[in-house]
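Step one of this worksheet: look at the structure below.
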Amino acid sequence: MKKSFSETGYIVLRNAISKHLIKDIQSEIYNLLEINEDNQNKKYLKFCDLVNNLKISEFECMKPIFEYIFYKGLIEKMLLEKKFYNSIVNLLGKDLSFCNDYSLTLISPNKNSPKKNYLFKDWHQEIWSGASPSTIQIWTPLIHKDSNYGQIELMEESHKWGHIPHMYRKPTLLPKKYKTKTLNLKY
């Protein structure tokens with residue numbers, strides 16, 4: 001795993017977070033947003049309707065959700081899931097530290113462009129937004145209808161390029177040839 005991480009710049013962990021915990025997180029999000037439907041599909045559609053008609057920014061919408069699931073101990077439970085925890089310890093060692101910042105991202109089905117949704121980004125490096133070289137970003141879908149939506153696409157081995165020149169959080173110079181990978185993430 002260490003070799004894969006150092007070569008590609010990422011690892012994919014499948015089935016690292018239990019379905020039960022994902023359902024608990026979804027349930028807490030739906031409860032906080034007062035989405036009281038019996039059918040999961042109806043809950044999802046109501047969630048999409050809510051986020052597509054926001055009167056506030058995506059950040060203002062996501063901040064209390066993140067704070068709430070953090071307060072409920074669900075972020076900690078996710079980080080301590082056996083497969084997840086063991087993989088991170090394998091990469092970093094046992095002297096782990098946890099950085100709590102507001103990083104729950106909302107990608108709305110009708111706002112799939114950087115012009116419509118600030119959190120839907122062009123190619124970028126996380127370091128541009130304040131992450132350090134020793135920060136590991138974690139990406140997992142929490143609420144989505146299918147695996148074609150809300151996916152992350154990565155430039156393989158881009159971590160080996162060093163700092164990419166940019167302006168307004170958009171790259172101004174990329175190599176002529178690069179390889180991308182779209183991850184087929186599920187809950």
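- Atoms OG and CG, from Ser87 and Leu13 in turn, are 4.0 Å apart once rounded to the nearest 0.5 Å.
- A continuous path of Ile, Leu, Val, Met, Phe, Trp and Tyr side chains, each step under 4.5 Å between heavy atoms, connects Phe66 with Leu50, placing both in one hydrophobic cluster.
- A distance of 11.5 Å separates CG in Leu91 from CG in Asn86, rounded to the nearest 0.5 Å.
- Taking CZ from Phe47 and CD1 from Ile29, the interatomic distance works out to 6.5 Å, rounded to the nearest 0.5 Å.
- Nearest heavy atoms, Leu183 versus Val12: CD2-CG2, 3.8 Å.
- Under the 3.5 Å distance criterion, the side-chain polar atoms of Asn31 are matched with a main-chain donor or acceptor of Ser27.
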Original post:
Can you check side-chain contact (heavy atoms from CB on, under 4.5 Å) on Leu154 and Thr182, steps first, answer last?
Top reply: CA-CA 6 Å; Leu154 304 168; Thr182 300; over 6 Å; no

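- Remark: the Asp49 side chain and the Asn53 side chain contain an N/O donor-acceptor pair separated by less than 3.5 Å.
- Without hydrogens or angle criteria, His159 side chain to Ser6 main chain gives a donor-acceptor distance under 3.5 Å.
- Glu157 contributes atom CD, which lies 7.5 Å from atom NZ of Lys179 (distance to the nearest 0.5 angstrom).
- In the displayed structure, Glu153 atom CD is contacted under 6.0 Å by more than 12 heavy atoms of other residues, nucleotides or ligands.
- Between the side chain of Lys82 and the main chain of Ile17, no donor-acceptor pair closer than 3.5 Å is present.
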Original post:
Under the side-chain contact (heavy atoms from CB on, under 4.5 Å) criterion, do Leu80 and Met78 qualify, and how do the steps go?
Top reply: CA-CA 5 Å; Leu80 293 175; Met78 185 174 62; over 6 Å; no

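- Hydrophobic clustering (side-chain heavy atoms under 4.5 Å, transitive across Ile, Leu, Val, Met, Phe, Trp, Tyr) groups Ile25 together with Leu79.
- Glu81 contributes atom CD, which lies 11.0 Å from atom CG of Asn15 (distance to the nearest 0.5 angstrom).
- Annotation: Lys83, atom NZ; neighbour count of heavy atoms from other residues, nucleotides and ligands within 6.0 Å is above 12.
- Criterion: ILVMFWY side-chain heavy atoms under 4.5 Å apart, direct or through other members. Under it, Leu54 and Tyr44 are part of a common hydrophobic cluster.
- Between the CD atom in Gln26 and the CD1 atom in Ile69 there is a gap of 11.0 Å [rounded to 0.5 Å].
- One hydrophobic cluster, built from ILVMFWY side chains closer than 4.5 Å, cannot hold both Tyr178 and Leu173; they sit in different ones.
- Using a 4.5 Å heavy-atom cutoff, the side chains of Val89 and Tyr85 are in contact.
- Between the Glu37 side chain and the Lys46 main chain, no donor and acceptor come within less than 3.5 Å of each other.
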**OP:** Take Ile164 and Thr172 through the test side-chain contact (heavy atoms from CB on, under 4.5 Å) and record every step on the way to the result.
**Re:** CA-CA 8 Å; Ile164 304 295; Thr172 56; over 6 Å; no

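- Under the 3.5 Å distance criterion, with hydrogens and angles disregarded, no donor-acceptor pair is assigned to the side chains of Thr8 and Glu156.
- Side-chain heavy atoms closer than 4.5 Å link hydrophobic residues (I, L, V, M, F, W, Y) into clusters, and following such links, even through other members, never connects Tyr71 to Met62.
- Nearest heavy-atom pair across Ile11 and Ser4 is CG2-OG, 4.2 Å.
- Contact detail for Pro175 and Trp161: the closest heavy-atom pair is CD-CZ3, 3.7 Å.
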Subject >> Check against side-chain contact (heavy atoms from CB on, under 4.5 Å), Asn36 and Tyr30 >> reply: CA-CA 7 Å; Asn36 302 314; Tyr30 289 140; over 6 Å; no

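- Side-chain contact between Lys77 and Lys72: absent, with no pair of heavy atoms (C-beta onward) separated by less than 4.5 Å.
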